[in-house]
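Structure record follows, encoded as structure tokens.
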Amino acid sequence: PYTTLFRSDILIEKIQTDITKQYAEHRLKPQMKWYSAKSAKHKKIYFRWFSITILLGALIPLVSVCAAIDSAWQGWLQKWLPLISAALGSAVTTINAFLALGDSKDLWITYRSAREKLLQTLCFYVTGTDIFEGKTTKQQDTLLVQVCEAEMARENGAWRSLKEAV
């Protein structure tokens with residue numbers, strides 16, 4: 001299938017130059033795996049906590065309506081419903097604040113983008129297209145390393161910017 005055609009290990013097998021193959025196998029592939037793992041981790045964190053805020057936020061109007069209906073909620077429970085509603089609102093605000101502080105959404109997107117850029121560059125290299133078209137093997141090898149290292153440095157700079165902003 002299409003997805004297996006562009007897996008990094010399959011692309012790396014097609015590299016002709018030994019030194020470039022070693023670079024791809026020992027530097028590029030582990031870095032791509034790291035980006036994939038980190039991206040998946042931050043996506044999971046973000047979706048989990050954001051889903052919780054949606055559910056808690058959806059409960060607030062329901063609790064408020066129940067508190068407004070006198071006949072259905074006689075006694076001590078009616079006194080607690082406004083407090084429950086306020087607690088739900090506070091929980092939503094707190095979770096959203098921690099999501100913003102943790103930058104899970106931005107890190108998920110940054111890591112995923114970096115991984116896809118590296119895979120795209122490797123694919124272009126193997127197929128001799130885009131920036132690799134019309135170049136000698138040595139020029140292609142050099143360009144592969146330069147472009148990949150520049151992307152990893154760019155991502156690292158973006159990560160530092162996110163962390164320094166907090």
Side-chain angles (χ1 to χ4, degrees), residues 1-60 87-166:
Y2 178 78
T3 54
T4 57
L5 180 62
F6 294 106
R7 283 188 17 219
S8 61
D9 50 341
I10 291 172
L11 292 171
I12 291 170
E13 287 175 14
K14 296 177 187 253
I15 296 174
Q16 302 296 318
T17 313
D18 286 339
I19 190 79
T20 306
K21 188 179 273 191
Q22 287 177 2
Y23 168 78
E25 189 67 43
H26 299 288
R27 171 80 168 128
L28 198 54
K29 186 176 174 181
Q31 196 66 35
M32 289 170 66
K33 283 184 179 181
W34 187 87
Y35 285 140
S36 289
K38 290 294 182 176
S39 174
K41 173 188 168 190
H42 286 285
K43 180 181 179 182
K44 186 176 183 179
I45 290 168
Y46 177 74
F47 272 89
R48 178 182 297 143
W49 286 107
F50 196 73
S51 297
I52 290 170
T53 64
I54 291 170
L55 293 173
L56 292 177
L59 287 174
I60 294 171
L88 289 170
S90 294
V92 168
T93 302
T94 303
I95 292 170
N96 280 328
F98 280 114
L99 279 174
L101 281 174
D103 290 321
S104 288
K105 182 180 180 185
D106 291 336
L107 288 171
W108 154 43
I109 292 168
T110 299
Y111 292 145
R112 179 64 187 204
S113 297
R115 193 247 181 226
E116 291 303 316
K117 174 67 175 165
L118 293 175
L119 183 62
Q120 178 187 47
T121 303
L122 186 58
C123 186
F124 287 156
Y125 170 83
V126 169
T127 59
T129 54
D130 198 52
I131 59 172
F132 299 99
E133 190 172 354
K135 304 233 182 327
T136 67
T137 301
K138 178 142 179 67
Q139 289 171 328
Q140 288 178 342
D141 291 348
T142 302
L143 193 55
L144 174 68
V145 174
Q146 289 172 339
V147 171
C148 290
E149 291 299 321
E151 176 58 26
M152 288 183 269
R154 185 205 58 78
E155 181 281 318
N156 191 281
W159 176 81
R160 286 179 193 267
S161 295
L162 281 172
K163 291 302 169 190
E164 289 171 359
V166 174

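One-based numbering along the sequence shown.
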### Message
Quick one, Ser104 and Trp49 - any side-chain contact, counting heavy atoms below 4.5 Å?
### Response
no

### Query
Quick check: are there more than 12 heavy atoms from other residues, nucleotides or ligands sitting under 6.0 Å from NZ of Lys29?
yes

### Query
Just wondering, are more than 12 heavy atoms of other shown residues or ligands nearer than 6.0 Å to CD1 in Ile54?
yes

### Query
Do Arg27 and Met152 touch side chain to side chain, with heavy atoms closer than 4.5 Å?
yes

### Query
What is the distance from atom CD1 of Ile12 to atom OG1 of Thr20, rounded to the nearest 0.5 Å?
11.5 Å

### Message
When you measure from the side chain of Asn96 to the backbone of Val92, do you find a donor-acceptor pair of N or O atoms at a distance under 3.5 Å?
### Response
yes

### Any side-chain heavy-atom pair of Thr94 and Phe98 under 4.5 Å
yes

### Message
Quick check for you: to the nearest 0.5 Å, what is the distance between Leu28 atom CG and Leu119 atom CG?
### Response
9.0 Å

### Query
Is there a side-chain contact between Trp108 and Ile45 (heavy atoms, below 4.5 Å)?
no

#### Entry: From CD (Gln140) to CG (Leu144), nearest 0.5 Å
9.0 Å

#### Entry: Atom pair CD1/OG1 of Ile131 and Thr121 - distance to nearest 0.5 Å
6.0 Å

### Query
Just by distance, do the side chain of Glu151 and the backbone of Leu118 share a donor-acceptor pair under 3.5 Å?
no

#### Entry: Stepwise side chain to side chain contact (heavy atoms under 4.5 Å, CB included) check, Thr110 with Asp103
CA-CA 10 Å; Thr110 299; Asp103 290 321; over 6 Å; no

### Task
Indicate yes or no for a side-chain donor-acceptor contact from Glu149 to the backbone of Val147 under 3.5 Å, with no hydrogens or angles considered.
no

### Message
To the nearest 0.5 Å, what is the distance between CD on Glu116 and OH on Tyr35?
### Response
12.5 Å

### Message
Just by distance, no angles: are the side chains of Asp141 and Tyr125 close enough, under 3.5 Å, to form a donor-acceptor pair?
### Response
yes

### Query
Roughly how far, to the nearest 0.5 Å, is NZ of Lys135 from OG1 of Thr142?
11.0 Å

